[in-house]
Amino acid sequence: MRSHLLNDTTAEHYRRSVTEGVERVAAKLATTARPFTGITVDALAPAIERIDLDRPLHDTTAALDELEDVYLRDAIYFHHPRYLAHLNCPVVIPAVLGEAVLSAVNSSLDTWDQSAGGTLIERKLIDWTAARIGLGDAADGVFTSGGTQSNLQALLLAREEAKTRDLATLRVLTSEVSHFSVQKSAKLLGLGPDAVVSIPVDHDKRMQTVALARELARCAEDGQVPMAVVATAGSTDFGSIDPLPEIAELCAQYGVWMHVDAAYGCGLLASLKHRDRIDGIEHADSVTVDYHKSFFQPVSSSAVLVRDAATLRHATYHAEYLNPRRMVTERIPNQVDKSLQTTRRFDALKLWMTLRVMGADGIGRLFDEVCDLAQGGWQLLAADPRFDVVVEPSLSTLVFRYVPAAVTDPASIDRANLYARKALFASGDAVVAGTKVAGRHYLKFTLLNPETTTADITAVLDLIAGHAEQYLGESLERAS
Ligand SMILES: *Cc1c(COP(=O)(O)O)cnc(C)c1O
């Protein structure tokens, strides 16, 4: 069994095994006709249930054959142009190469003595990102597992910087369409159940700054302490970007920590055409970026950035065995001093390889393409009497619903849209998402694939209309 350890004597086994896996995936990607096979849980579960984990196959090829049956054949393929559902991107090859290298070398980025160059590479990418944002010379940050963790860490720092230790009085102000990880973070941070104050959005799903100003004033009157305003630069549901310059002004006026959740919109940092859409982000005290959304990186790749490196001390604890305090004076860079995690993947290597091979412009161009595609999709939807579309996209999301002229009952329209999404998923022809707007069911395209065309959008809209019409026709028959 020692031959399965990756070391100096097993290089050939390593090369053959990984190549065999790569060949399978490459063949799969080349022949995937649909983003999904439409398999159901009930159909797939027995195949996985049957496998006895205590009876290994002792053969790589056999294990890959089995994997074909339990995973590869029926996986959801984000690289397919008709996968239009969630914030998942097709990935760029240099990043996948980075992934292969980082897991084989297996550096852990908690300390210098487990990573060496890995630590310096991560630090350089943090500095690069902070400079793109415009956070200034004192900025710092750290890679995280995702936007959820980045938001949690940012809010931890904000809580520690707040003017009171009385957790019950602390408030976090954020728009009604911000990410639910803000709520989760508030709970984890021990804030009260009413800590998150929801600020209404305007017609374009952007935070209403008049309402924000009103709430900040009300907090002051009621003896509550706003510890952070969380602005969203690219809401998960609509891609809407809060008015960052106005929010920054209010935060400065009230002395409140400004966090910008740019998990989705961070791709604009590399954009050649639309960078101005996140102007104002440079005023943030902290920023969340998810490279695994709009930088075309494999999961996980995310970071939290801060304007003032000193605030990261709130996440610092010293352990004699790992990062003793003396190492700080010895100037040994231990990233664990800045992170909520201990053992931590060298995810930064994926972005590093991407920037070294393609450059930031290469990424920005891809993201610009999907933003432009969304604009085209919006025009199609706005001109199509079968559909109602919610907002003109600021990023690459379209939220809409099928509204047949002949049907006026909103509940029937809800059911028809829900049915269309399910039927489309079951067919595997395309995968779309859904959400609720003002209590009604809508459908959603999150466009992150530059290979998707307006012809794909047209085709998927026709499929949706077909399924919805079929449902309404059948429900009419049932009623009569
Ligand atoms: C996706 C998303 C998150 C959560 O990020 P994960 O990487 O999924 O943890 C947070 N905020 C926004 C706006 C997002 O779109």
Side-chain angles (χ1 to χ4, degrees), residues 76 78 84-89 91 95 99 129 133 141-156 158 172-189 196 198-199 201 204-207 228-244 247 258-269 277-278 280-281 284 286-305 339-341 344-345 347-348 350-351 367 370-371 374 391 393-399 433-435 444-448:
I76 316 280
F78 302 153
L84 311 171
H86 302 287
L87 271 165
N88 311 105
C89 52
V91 293
E99 183 77 64
T129 307
I133 297 171
V142 71
F143 272 66
T144 67
S145 61
T148 302
Q149 191 189 15
S150 296
N151 284 346
L152 173 62
Q153 180 162 358
L155 288 173
L156 168 71
V172 175
L173 289 73
T174 192
S175 99
E176 57 181 315
V177 299
S178 70
H179 195 261
F180 68 90
S181 56
V182 176
Q183 296 273 357
K184 252 191 213 186
S185 300
K187 186 162 197 173
L188 286 164
L189 292 170
V196 178
S198 181
I199 309 292
V201 292
D204 292 322
K205 307 295 176 188
R206 295 152 39 100
M207 187 193 286
V229 172
V230 177
T232 311
S235 60
T236 316
D237 257 353
F238 305 98
S240 50
I241 299 170
D242 288 339
L244 303 178
I247 293 171
M258 176 179 178
H259 176 63
V260 177
D261 180 356
Y264 178 8
C266 61
L268 293 179
L269 296 172
R277 292 181 187 175
I278 42 165
I281 194 172
S286 56
V287 178
T288 288
V289 297
D290 261 0
Y291 307 107
H292 63 216
K293 283 178 179 162
S294 47
F295 271 70
F296 304 93
Q297 300 292 295
V299 177
S300 306
S301 184
S302 178
V304 61
L305 292 305
S339 175
L340 299 185
Q341 293 167 265
R344 192 162 53 85
R345 290 164 53 85
D347 285 318
K350 294 178 279 192
L351 180 59
F367 193 58
V370 294
C371 290
V391 288
S394 300
L395 293 174
S396 62
T397 296
L398 294 166
V399 179
T435 191
K444 177 165 84 159
F445 291 165
T446 311
L447 304 170
L448 279 180

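Throughout, numbering of the chain's residues begins at 1 and tracks the sequence. Values reported hereafter were calculated over all heavy atoms of this structure, with side chains retained and with hydrogens, waters and symmetry mates removed. Counting starts at 1 for both ligands and their atoms, following the listed order.
- There is no side-chain donor-acceptor pair under 3.5 Å between Tyr264 and Thr446.
- Remark: ligand 1 and Gly234 share no N or O pair separated by less than 3.5 Å (distance only, no angle test).
- Residues Thr232 and Asp261 bring no donor and acceptor atom of their side chains to less than 3.5 Å of each other.
- Considering backbone and side-chain N/O atoms, Ser145 never comes within less than 3.5 Å of an N/O atom of ligand 1.
- Counting only distance, with no hydrogens or angles, the side chain of Thr174 and the backbone of Val230 share a donor-acceptor pair below 3.5 Å.
- Residue Thr148 touches ligand 1 through backbone and side chain together, judged by heavy-atom distances below 4.0 Å.
- Per-residue contacts place Asn151 under 4.0 angstrom from the following atoms of ligand 1 (heavy atoms of the residue considered): 10 (C), 11 (N).
- By the 4.5 Å heavy-atom criterion applied to side chains, Gln153 and Gln341 are not counted as neighbours.
- If you number the atoms of ligand 1 from 1 as listed, the ones under 4.0 Å from a heavy atom of Asp290 come out as 5 (O), 6 (P), 7 (O).
- No hydrogens or angles considered: a donor-acceptor pair under 3.5 Å links the side chains of Thr435 and Asp237.
- Geometrically, ligand 1 and Ser181 share no nitrogen or oxygen pair separated by less than 3.5 Å.
- Geometrically, ligand 1 and Ser235 share no nitrogen or oxygen pair separated by less than 3.5 Å.
- For ligand 1, the polar-atom distance check finds no N/O of Tyr264 at less than 3.5 Å from any of the ligand's N/O atoms.
- Every atom of ligand 1 is numbered from 1 in the order shown, and the set under 4.0 Å from a heavy atom of Leu87 is 15 (O).
- For atom 2 (C) of ligand 1, the candidate residues are Lys293, His179, Lys184; the nearest heavy-atom contact is made by Lys293.
- If you number the atoms of ligand 1 from 1 as listed, the ones under 4.0 Å from a heavy atom of Gly147 come out as 4 (C), 5 (O), 6 (P), 7 (O), 9 (O).
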When you look at Thr288 and His259, which way does the side-chain hydrogen bond (donor to acceptor under 3.5 Å, both in side chains) test go after all the steps?
-> CA-CA 8 Å; Thr288 288; His259 176 63; 3.1 Å; yes
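- Given atom 11 (N) of ligand 1, the protein heavy atom at minimum distance is Asp261 OD2, 2.6 Å.
- Side chains of Ser150 and Thr144: a donor-acceptor N/O pair is present below 3.5 angstrom, by distance only.
- Listed by number with element, the atoms of ligand 1 under 4.0 Å from a non-hydrogen atom of His292 are 7 (O).
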Before you tell me yes or no, could you show the steps for Asp290 and Gln297 under side-chain contact (heavy atoms from CB on, under 4.5 Å), namely the whole-Å CA-CA distance, both residues' side-chain angles and the distance that decides it to 0.1 Å? CA-CA 9 Å; Asp290 261 0; Gln297 300 292 295; over 6 Å; no
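- The residue from Ser286, Ser181, Ser185 that alone fulfils the side chain to side chain contact (heavy atoms under 4.5 Å, CB included) condition with Leu155 is Ser185.
- Among the atoms of Gln149, none of the N or O lies under 3.5 angstrom from an N or O of ligand 1.
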